[in-house]
2 protein chains.
Amino acid sequence: MLGSDEIVNGSEISQIRLERRDAAENRQRILYAALKLFEQYGVEQVSMNQIANEALVGPGTLYRRYRSKGELCMDLIKDNIVQLFDDIETYLRDNCSFTPSQRLKGILNLFIRFRERKAQLITGVEESSSTNSLKSRMRSPLYDELHQLLVELFDEMNATERTNFNSVFRADILLTALRSDSYLFQKDVRNYSPEMILEQLCALFILHK
Amino acid sequence: MLGSDEIVNGSEISQIRLERRDAAENRQRILYAALKLFEQYGVEQVSMNQIANEALVGPGTLYRRYRSKGELCMDLIKDNIVQLFDDIETYLRDNCSFTPSQRLKGILNLFIRFRERKAQLITGVEESSSTNSLKSRMRSPLYDELHQLLVELFDEMNATERTNFNSVFRADILLTALRSDSYLFQKDVRNYSPEMILEQLCALFILHK
DNA sequence: AGTATAAGCGGACAATGATCCACTTGTCAA
DNA sequence: TTGACAAGTGGATCATTGTCCGCTTATACT
């Protein structure tokens, strides 16, 4: 999930060497063209063919690199995802004395702010047809990593509150509620603010005694 | 939401008269062809053009009648939806002494059994591109009616349990969890049975004191 | 029965997602 | 520098979704 124009260790260097110079240049041009078109017209309105034309590559080249618009969006936000998990890690380290419920709220807050900042690209990832097949959806690295975090927190909450809830199930339902379709429905149709969505999700998943 | 080949009241009769005989015949042939192809190949694998060819109508005719495969699937299950709400109404009348939590569980049980019986068509409705636009999704008549039922139950639970949860929000999240993508993920990826999904949803939405 | 008219038709066509094969090009070893 | 070869290319093509317009047909009225 690292940017391939960032050199961070030896295995990254050897990976760069495997990509031909023309291919690397094409990929950069694709990303730049996509970013430009997405900013101008919005992710949903831009077609893959438009991106290919703008990047001056053929459709075959574009699809060899990215199977779908969703994969392209994912490449565009992968640095932001890294930053998100850095922020979460920092938050957890600075607030390790908080209860698991408080930490859950803090993490959800960070995620919702991330979602607000990168709304269209995240939607582009989640709504893309190739990441949308019935069985494989919801299994992006982002999903898996967040899910793991949430499961651990719910387990901790079970331990401190002497409850026996199914953490995996709850994490899945919570992440479903934070997906583009559901989240945007709450915002645009129900007119909830991000803060209200956060509060309501906590009210649902956190026991108050 | 009534079958247009069922005559139940005057307004239905006048609606039938407005449809030309050839159009009504074409519509029947479309529905029959779709049902046949869906049973043979599965909803997701069948294209609208295949349905048009099988029904011996042109693509323009098919799309004039149904904007998308989702609308076609909806027409195919509309009688089952009526039946579902009849069953729910009967259940509620026969069990009006149950607590709201018990009734919620009963209703969810009926809905999940309905979903199991008509899994592919429901998925066809929910995953169709024209019912899937960001703003309009989750607003089918089925969604609205179920949502209303759930809101009333949650309100009742708030009253009897002296809680103050947001019923609209909870109904939305619950229905999101019961959507095709989420439900199939629980079944096929997490390997939960329908009964387990029901139990876990009740554990999340019903307070146990 | 004849006529008017609006509903309805189909298929050519466009847009988009996506594939694949003959050709091109970059890289590395000699 | 040259040659081999594998990575990479683009665009023709296909499948699907979806539109639209000139033509046809059903229906109601006289």
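Every chain is numbered from 1, with letters handed out A, B, ... down the list of sequences. In this text the structure is predicted, and so the values were computed from the model without any measurement.
Distance CZ (A/R65) to P (C/dG17): 19 Å, rounded to an integer number of Å. At whole-Å resolution of the value, NZ in A/K69 and C1' in C/dA18 are 14 Å apart. We find that CG of B/L62 is positioned 14 Å from C1' of C/dG8, with the value rounded to whole Å. As rounded to whole Å, 15 Å separates atom C1' of C/dA18 from atom CG of A/L72. When rounded to the nearest whole Å, the span between CD of A/E71 and P of C/dA18 equals 10 Å.
Scored by the side chain to side chain contact (heavy atoms under 4.5 Å, CB included) test, A/E199 finds A/K105 as partners (sequence neighbours excluded). With sequence neighbours excluded, the residues forming a side chain to side chain contact (heavy atoms under 4.5 Å, CB included) with A/N95 are A/Y91, A/F98, listed by chain and number. In terms of the side chain to side chain contact (heavy atoms under 4.5 Å, CB included) criterion, B/N53 has no residue partners (sequence neighbours excluded). With sequence neighbours excluded, no residue forms a ring-ring contact (aromatic ring centres under 6.0 Å, His included) with A/F165. Qualifying salt bridge (Lys or Arg N to Asp or Glu O under 4.0 Å) partners for B/D22, counting only residues two or more places apart in sequence or in other chains: B/R20. Among residues two or more places apart in sequence or in another chain, the side chain to side chain contact (heavy atoms under 4.5 Å, CB included) test is passed with A/Q50 by A/L37, A/V46, A/S47. The salt bridge (Lys or Arg N to Asp or Glu O under 4.0 Å) test applied to B/E89 returns no partner, not counting sequence neighbours. The side-chain hydrogen bond (donor to acceptor under 3.5 Å, both in side chains) check on A/S167 picks up A/D155, with sequence neighbours excluded.
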So which protein nitrogen or oxygen atoms get under 3.5 Å of nucleotides 3-7 of chain C's nitrogens or oxygens?
| from | atom 1 | to | atom 2 | distance (Å) |
| --- | --- | --- | --- | --- |
| C/dA7 | N3 | B/R20 | NH1 | 2.3 |

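Note on A/R179 versus B/D181: salt bridge recorded, some NZ/NE/NH1/NH2 to OD/OE distance being below 4.0 Å. The pair A/R29-A/E54 fails the salt-bridge criterion, with no side-chain N (NZ, NE, NH1 or NH2) lying under 4.0 Å from an Asp/Glu carboxylate O. Salt-bridge formation is not detected for the pair A/E152/A/R103: no Lys NZ or Arg NE/NH1/NH2 atom is positioned less than 4.0 Å from an Asp or Glu carboxylate oxygen.
Under 3.5 Å, the side chain of A/R21 and the base of D/dG8 form no donor-acceptor pair of N or O atoms. Donor-acceptor pairing under 3.5 Å, judged by distance alone, is present between the side chain of B/R64 and the base of C/dG10.
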> Step by step, would you call A/R65 with A/E19 a salt bridge (charged side-chain N to carboxylate O under 4.0 Å, His left out)?
Replying inline: CA-CA 12 Å; A/R65 174 60 62 184; A/E19 183 176 48; 2.7 Å; yes
>> Quick one, B/R113 with B/E195, criterion salt bridge (charged side-chain N to carboxylate O under 4.0 Å, His left out). Give me CA distance, side-chain angles, the key distance, then yes/no.
In response: CA-CA 10 Å; B/R113 281 156 60 189; B/E195 294 75 33; over 6 Å; no
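Less than 4.0 Å separates DNA chain D from at least one heavy atom of each of the following residues of residues 45-57 of chain B: B/S47, B/M48, B/N49. Of the residues in residues 29-37 of chain A, none lies under 4.0 Å from DNA chain C by heavy-atom distance.
For B/A24 and A/Y63, each mapped to the nucleotide of DNA chain C holding its nearest heavy atom, the one lying further toward the 5' end belongs to B/A24. Judged by closest nucleotide on DNA chain C, B/G60 is the one of B/G60 and A/T61 placed further toward the 5' end.
Considering A/V168, A/T176, A/I173 in turn, A/I173 is the only one that fulfils the side-chain contact (heavy atoms from CB on, under 4.5 Å) rule with B/Q186.
Phosphate proximity of D/dG8 to A/N26: absent, as no side-chain N or O sits under 4.0 Å from OP1 or OP2.
Taken over five-pair windows at either terminus, the axes of the helix from C/dA1-D/dT30 to C/dA30-D/dT1 are inclined to one another by 0° (rounded to 10 degrees).
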